[in-house]
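Every chain is numbered from 1, with letters handed out A, B, ... down the list of sequences.
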Amino acid sequence: TSSSLTLRRAMGVAQHHDAVTGTAKQHVNDDYTLRLYKGWETCQVVISNALSSLTGTKESFTFCNLLNISVCPTTEAAKSFNVFLYNPLGRAATWYIRLPVNGVAYSVRGPSGDTVTSEVTPVSKFTKDIRRERGNAERELMFQAQVPPLGFSKFTVQKTSTQERFFIRTKKR
Amino acid sequence: TSPTKMENKYYRVEFDPETGLISGIYNLQKGISLPLTQSFYWYNASIGNADSAQASGAYIFRPNQSNPVPVTQNVRSYLVQNSLVQEVYQNFSSWCSQVVRLYSDQPYVELEWTLGPIPVGDHLGKEVISRFDSKLQTNGLFYTDANGRQVLQRRRDFRETWSLVQTEPVAGNYYPVNSRIYIKDKNMQLTVLTDRSQGGSSLTDGSLELMVQRRLLYDDARGVAEPLLECGQYSEGIVVRGRHLVLLDTPQDAADLHRTLALQEYMSPQIILSSGDGVPYSSK
């Protein structure tokens, strides 16, 4: 079961001008943050259920909240994983996706099974400095994702050896 | 060596080889160029003065002088060039850095800034801004979106409905920026999209600034009874990372892109991951 009620309540509370502007006492701001976090946690179940319905597959979906500092235990450890992107816009859109990884080479396949151009770059020192012990990804996998309007795209990521990567590139060429 | 330029099919960004700062942006499709500098500065927060005992605090933005202090005059920078993205990493100080990013086929320049923990060991409250300085003839006008939808024209040291006597030359010209701020002349428009609500202004012609973080040591006596001094998880202050998207276009065409891009920023996708070992499912 899932419900968006917790987030709706948290958003209701956060309509107060102190929450909008951050002008409350610190412990009150911390409480606003906690409420929003709990709301987001319950909405993850809502999204998981919706995705299960849309894809026709029930999976254990995971969400990474610290991608802005290149932290995601799932992508850092897994040899293969799927990436789902839902586009809430009424037109097709393109986003660049960056995921923290520890491998050197990955192949990314798009919704129709074709190889998507991707590359692996080192995580910057700037990012390593601020994330502290919250993650240890050495690299980021980057690819361009196209998503249809009001719909989702699924990308399959597979860790490869550098030789396989070379083979895939050569074959594509 | 410091990088001197980066380029995709839409934009070229040039950097000053002496300072490492951005020195110009070129829209290659429209054939327009704008020499500008972008850097980080901080306002020293007022603790009250002879004119007024009002201190800068959670409710009140009140710098103690009109000229902000540059975080640095020169940045250490390096370029990372890949097929999908080019990035120039700029290190302003131990607590301020920025990545200037050009994706291969995206029509904007992305500035990803990381700020904090803001040092306050010198007992000075700091309100940090990112400022763009250009030669655009803006005649005291700039534009901000008041509510995320309607863009309003702002005029420096002026109010629509009463005769203003400006007593706070900086704070008195700050306005809410929920998604975008821009300045323009007859030929060019410089637009900056934000990823969160910030305060912004244009304090001199051709200049545009956004406040990105604050850390203050005094309460403003407006009811909070606390200074705006977040300690964060590690008790040394918080670190904030955010993005500004910079667009340079003609005033006639600018809205075409900044409206679609701002919506895309606001409604960016949630990334959802799975291991791929699911079982067939039907809601029935």
Side-chain angles (χ1 to χ4, degrees), chain A residues 18 20-26 29 44 47-49 51-53 55-64 67-69 72 74-75 78 80-89 91 93-97 99 117-119 121-122 124-127 129-130 132 142-145 147 152 154 156, chain B residues 57-60 78 80 82-85 87 89-91 94 97-99 101 103-106 110 112 114 116-117 176 197 214 220 222-231 233-234 239-243 260 263-264 266-283:
Chain A
D18 273 349
V20 173
T21 56
T23 46
K25 283 178 183 290
Q26 189 61 49
N29 282 327
Q44 289 179 2
I47 293 171
S48 297
N49 288 349
L51 259 186
S52 295
S53 286
T55 59
T57 310
K58 189 165 177 56
E59 296 195 54
S60 173
F61 294 108
T62 54
F63 297 76
C64 288
L67 283 176
N68 65 334
I69 53 169
C72 180
T74 306
T75 58
S80 71
F81 55 89
N82 295 327
V83 181
F84 292 89
L85 294 170
Y86 183 81
N87 176 14
L89 295 167
R91 58 179 167 79
T94 301
W95 277 283
Y96 280 88
I97 304 301
L99 298 169
T117 307
S118 64
E119 59 193 18
T121 57
S124 72
K125 186 180 173 299
F126 296 169
T127 297
D129 284 349
I130 60 169
R132 304 239 182 169
M142 189 176 3
F143 62 92
Q144 193 184 42
V147 197
F152 73 94
K154 175 186 169 186
T156 307
Chain B
Y59 278 96
I60 304 292
Y78 62 93
V80 174
N82 293 300
S83 58
L84 290 176
V85 69
E87 298 172 323
Y89 289 78
Q90 298 176 310
N91 193 13
S94 59
S97 61
Q98 179 173 256
V99 185
R101 195 171 275 146
Y103 287 106
S104 58
D105 62 353
Q106 294 294 306
E110 178 182 309
E112 186 186 58
T114 305
S197 295
R214 318 166 67 199
D220 57 13
R222 297 283 165 158
V224 191
E226 279 179 7
L228 192 64
L229 180 63
E230 290 168 273
C231 290
Q233 197 176 350
Y234 301 101
V239 183
V240 180
R241 173 170 278 184
R243 299 191 311 150
T260 49
L263 196 60
Q264 189 165 322
Y266 177 63
M267 301 177 88
S268 57
Q270 179 64 45
I271 298 173
I272 306 149
L273 303 157
S274 81
S275 55
D277 52 359
V279 293
Y281 172 81
S282 163
S283 55

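For B:V239, the part lying near chain A is the side chain, with the backbone staying farther off; criterion is any non-hydrogen pair under 4.5 Å. For B:V80, no part lies near chain A; criterion is any non-hydrogen pair under 4.5 Å. B:S268 touches chain A through backbone and side chain together, each having a heavy atom under 4.5 Å away. Both the backbone and the side chain of A:T94 come within less than 4.5 Å of a heavy atom of chain B. At a 4.5 Å heavy-atom cutoff, the contact between A:D18 and chain B is made by side-chain atoms alone. Both the backbone and the side chain of B:N91 come within contact range of chain A, judged by heavy atoms closer than 4.5 Å. When heavy atoms are compared at a cutoff of 4.5 Å, B:R214 does not approach chain A at all. Contact of B:E110 with chain A is not made at all, since no heavy-atom distance falls under 4.5 Å. Heavy atoms closer than 4.5 Å to chain A are found nowhere in B:S282, neither backbone nor side chain.
Using modelled atom types, no side-chain atom of B:Q270 and backbone atom of A:Y86 make a donor-acceptor pair closer than 3.5 Å. With hydrogens and angles ignored, the 3.5 Å screen pairs no side-chain donor or acceptor of A:N87 with any backbone N or O of A:F152. Counting only distance, with no hydrogens or angles, the side chain of B:E112 and the backbone of B:R241 share no donor-acceptor pair below 3.5 Å.
Residues A:F143 and A:Y96 keep their aromatic ring centres 6.0 Å or farther apart.
Top candidate by heavy-atom pairs under 4.5 Å with chain B, chosen from A:N68, A:T74, A:T55, is A:N68.
The salt bridge (Lys or Arg N to Asp or Glu O under 4.0 Å) test applied to B:R222 returns no partner, not counting sequence neighbours.
Rounded to the nearest 0.5 Å, atoms CD (A:E59) and CG (B:D277) are 6.5 Å apart.
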